Peer 1: 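Quick one: the structure is below, and I'll ask about it shortly.
Keep in mind that this is a model prediction, so the values were computed, not measured.
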Number of protein chains: 2
Amino acid sequence: MVKQKDKVIHTKSACDRSLAGVRDALYVLNGKWKLPIIIALSEGPSRFKDLQRRVEGITPKLLSKELKELEQNEFVVRHVYPQTPVLVEYELTEYSRSLDDIIQAMADWGFQHRARIQSR
Amino acid sequence: MVKQKDKVIHTKSACDRSLAGVRDALYVLNGKWKLPIIIALSEGPSRFKDLQRRVEGITPKLLSKELKELEQNEFVVRHVYPQTPVLVEYELTEYSRSLDDIIQAMADWGFQHRARIQSR
DNA sequence: CAGGATCCATTATGATACTG
DNA sequence: CAGTATCATAATGGATCCTG
């Protein structure tokens with residue numbers, strides 16, 4: 001932000017910056033499943049089937065696809081233990097912890113919002 | 001959480017609660033446009049066309065649809081001033097401010113994430 | 001200006017089955 | 001168990017035209 005005589009010139013407004021940030025975040029966290037999966041995994045590493053149970057309502061196809069994306073964004077690691085039958089575990093990365101603030105904020109808000117809705 | 005002999009019975013884990021909250025929040029904020037629109041409106045009331053310019057990339061069809069949903073969730077009010085041509089302004093409600101924490105958290109995270117990505 | 005209507009292409013999500 | 005394959009529907013996106 002630069003002042004010039006009496007005019008204020010916004011080279012980049014606070015709003016633009018937060019817009020860019022939010023868009024970047026939404027780009028990575030898109031869809032209705034990414035955060036729920038991460039939350040489910042925050043209880044500890046989990047196998048595919050167990051994860052599917054924890055994240056209620058998700059189909060294997062979607063879970064598989066979302067896990068791949070989460071892996072690419074380095075939120076999740078996939079461990080394969082070659083046995084019969086094979087055992088696969090998904091685990092959160094250290095970096096996934098950086099999402100804690102977002103998750104906390106959303107969880108709090110959702111909780112309040114539900115109370116608000118129900119009181120009517 | 002209730003202890004019973006040696007077993008621990010989770011009536012509702014912290015994870016379940018945050019999962020429910022996040023799902024409620026995602027339900028209301030779904031899609032890639034809701035938050036960007038709210039951020040754009042945080043600069044002040046705006047007319048349809050101006051809003052479309054601020055929220056880069058959105059088509060009138062989508063903007064119209066999203067605004068209706070935002071209205072229903074009481075984040076936005078629509079003011080109509082009967083003139084020729086008619087003037088319509090969209091404005092944030094007081095309640096929309098409750099989303100500030102979420103927006104802030106996402107904006108911060110997006111900013112950090114971008115830096116992280118670019119440094120590689 | 002503020003949108004709605006239409007047509008079409010691409011994604012996203014979902015239900016069900018099936019394989020190694 | 002850990003997914004993939006198939007099919008169907010819904011949501012979203014883009015272009016263009018239209019109306020009060």
Side-chain angles (χ1 to χ4, degrees), chain A residues 19 22-41 43-73 75-92, chain B residues 19 22-41 43-73 75-92:
Chain A
L19 212 156
V22 169
R23 289 185 98 142
D24 289 345
L26 285 174
Y27 181 77
V28 171
L29 302 174
N30 66 81
K32 36 185 289 203
W33 298 114
K34 301 263 174 13
L35 288 177
I37 290 171
I38 289 175
I39 294 171
L41 282 175
E43 289 199 326
S46 175
R47 310 172 63 163
F48 190 88
K49 202 78 177 185
D50 294 331
L51 197 49
Q52 196 188 337
R53 270 185 284 268
R54 286 194 206 169
V55 183
E56 219 169 308
I58 196 169
T59 60
K61 184 173 79 173
L62 264 285
L63 180 55
S64 169
K65 179 187 151 239
E66 301 286 291
L67 281 171
K68 279 173 190 159
E69 294 182 28
L70 290 174
E71 243 191 292
Q72 290 192 332
N73 289 314
F75 296 134
V76 165
V77 204
R78 182 174 185 264
H79 300 287
V80 183
Y81 304 98
Q83 311 172 352
T84 34
V86 66
L87 189 153
V88 180
E89 269 196 340
Y90 293 91
E91 190 180 9
L92 289 184
Chain B
L19 211 156
V22 169
R23 289 184 98 144
D24 289 345
L26 285 173
Y27 181 77
V28 171
L29 303 174
N30 67 82
K32 37 185 286 203
W33 299 113
K34 301 264 173 15
L35 288 177
I37 290 171
I38 289 175
I39 295 171
L41 282 176
E43 287 198 328
S46 175
R47 308 173 61 164
F48 191 87
K49 202 79 175 181
D50 293 331
L51 196 49
Q52 195 187 339
R53 268 185 285 269
R54 285 194 207 169
V55 183
E56 221 169 307
I58 196 168
T59 60
K61 186 171 73 173
L62 264 281
L63 180 54
S64 169
K65 180 187 152 237
E66 301 286 293
L67 281 170
K68 280 174 189 159
E69 295 182 26
L70 290 174
E71 243 190 293
Q72 290 193 334
N73 288 314
F75 295 134
V76 165
V77 204
R78 183 173 185 264
H79 300 289
V80 184
Y81 305 98
Q83 311 173 353
T84 37
V86 66
L87 189 153
V88 180
E89 269 196 341
Y90 293 90
E91 189 180 11
L92 289 185

Peer 1: To the nearest angstrom, how far is B:L87 atom CG from C:dG3 atom P?
Peer 2: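 The distance from CG of B:L87 to P of C:dG3 comes to 10 Å, rounded to the nearest Å.
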
Peer 1: Roughly how many Å is it from CG in A:D50 to P in D:dA2, rounded to a whole number?
Peer 2: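 In whole Å, D:dA2 P and A:D50 CG are 7 Å from each other.
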
Peer 1: Could you tell me if the side chain of A:L19 sits less than 4.5 Å from the side chain of A:R23, heavy atoms only?
Peer 2: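 Side chain of A:R23 against side chain of A:L19, heavy atoms only: contact under 4.5 Å found.
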
Peer 1: Can you check the A:K49 NZ to D:dC1 C1' distance for me, whole Å?
Peer 2: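 Computing the A:K49:NZ to D:dC1:C1' distance gives 7 Å.
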
Peer 1: Reckon B:W33 has a side-chain N or O less than 4.0 Å from the OP1 or OP2 of D:dT12?
Peer 2: no

Peer 1: In whole Å, I'd like the distance from the CG atom of A:L26 to the P atom of C:dA12.
Peer 2: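 After rounding, the gap between these two atoms is 14 Å.
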
Peer 1: Do B:I37 and B:V76 have side chains that get closer than 4.5 Å, going by heavy atoms?
Peer 2: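 Result no, sub-4.5 Å side-chain heavy-atom pair not found.
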
Peer 1: OP1 or OP2 of D:dA2 sitting under 4.0 Å from any side-chain N/O of A:S64?
Peer 2: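 For A:S64, the contact criterion (side-chain N or O under 4.0 Å from OP1 or OP2 of D:dA2) is not met.
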
Peer 1: On DNA chain D, check which nucleotide each of B:P60 and B:E66 is closest to and give me the residue with the more 5' one.
Peer 2: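 Here B:E66 is the residue nearer the 5' end.
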
Peer 1: Would you tell me if any nitrogen or oxygen in the side chain of B:Y90 comes within less than 4.0 Å of OP1 or OP2 on C:dC1?
Peer 2: no

Peer 1: In whole angstrom, what separates A:F48's CZ from C:dT19's P?
Peer 2: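 Nearest whole value for this atom pair: 18 Å.
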
Peer 1: It should be established whether A:K68 places a side-chain nitrogen or oxygen under 4.0 Å from OP1 or OP2 of nucleotide D:dT4.
Peer 2: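 Looking at the OP1 and OP2 atoms of D:dT4, one of them is under 4.0 Å from a side-chain N or O of A:K68.
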
Peer 1: Taking the side chain as C-beta and beyond, is there a heavy-atom pair between B:L70 and B:Y90 under 4.5 Å?
Peer 2: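 When only atoms from C-beta onward are counted, B:Y90 and B:L70 do not touch, as no gap falls below 4.5 Å.
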
Peer 1: Nearest 0.5 Å, what's the CG-CG distance between B:D50 and B:L41?
Peer 2: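 CG of B:L41 is found 10.5 Å from CG of B:D50.
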
Peer 1: Atom CD of B:E69 to atom C1' of C:dG3: distance rounded to whole Å?
Peer 2: 16 Å

Peer 1: Please examine the side chains of B:P36 and B:I58, heavy atoms only from C-beta on, and report whether any two atoms are closer than 4.5 Å.
Peer 2: no

Peer 1: With respect to the phosphate group of C:dT13, does any side-chain polar atom (N or O) of A:K65 fall under 4.0 Å of OP1 or OP2?
Peer 2: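 True: A:K65 side-chain N/O within range (under 4.0 Å) of C:dT13 OP1/OP2.
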
Peer 1: Do the side-chain N or O atoms of B:K32 get closer than 4.0 angstrom to the phosphate oxygens (OP1, OP2) of D:dA11?
Peer 2: no

Peer 1: Which whole-number value in Å describes the distance from B:L62 CG to C:dA2 P?
Peer 2: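 From B:L62 CG to C:dA2 P: 18 Å.
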
Peer 1: Give a yes/no answer on whether the side chain of A:R47 brings an N or O atom under 4.0 Å of OP1 or OP2 in D:dA2.
Peer 2: yes

Peer 1: Does a nitrogen or oxygen in the side chain of A:R78 sit under 4.0 Å from OP1 or OP2 of D:dG3?
Peer 2: yes

Peer 1: Determine the contact category for A:G31: base if any of its heavy atoms lies under 4.0 Å from a base atom, sugar-phosphate if only primed atoms, P, OP1 or OP2 are that close, otherwise nothing.
Peer 2: sugar-phosphate

Peer 1: Under the 3.5 Å rule, do the base of C:dG4 and the side chain of B:K61 count as making a donor-acceptor pair?
Peer 2: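 Check fails, no donor-acceptor contact within cut-off.
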
Peer 1: Rounding to a whole Å, what distance do you find between B:I58:CD1 and C:dA2:P?
Peer 2: 15 Å

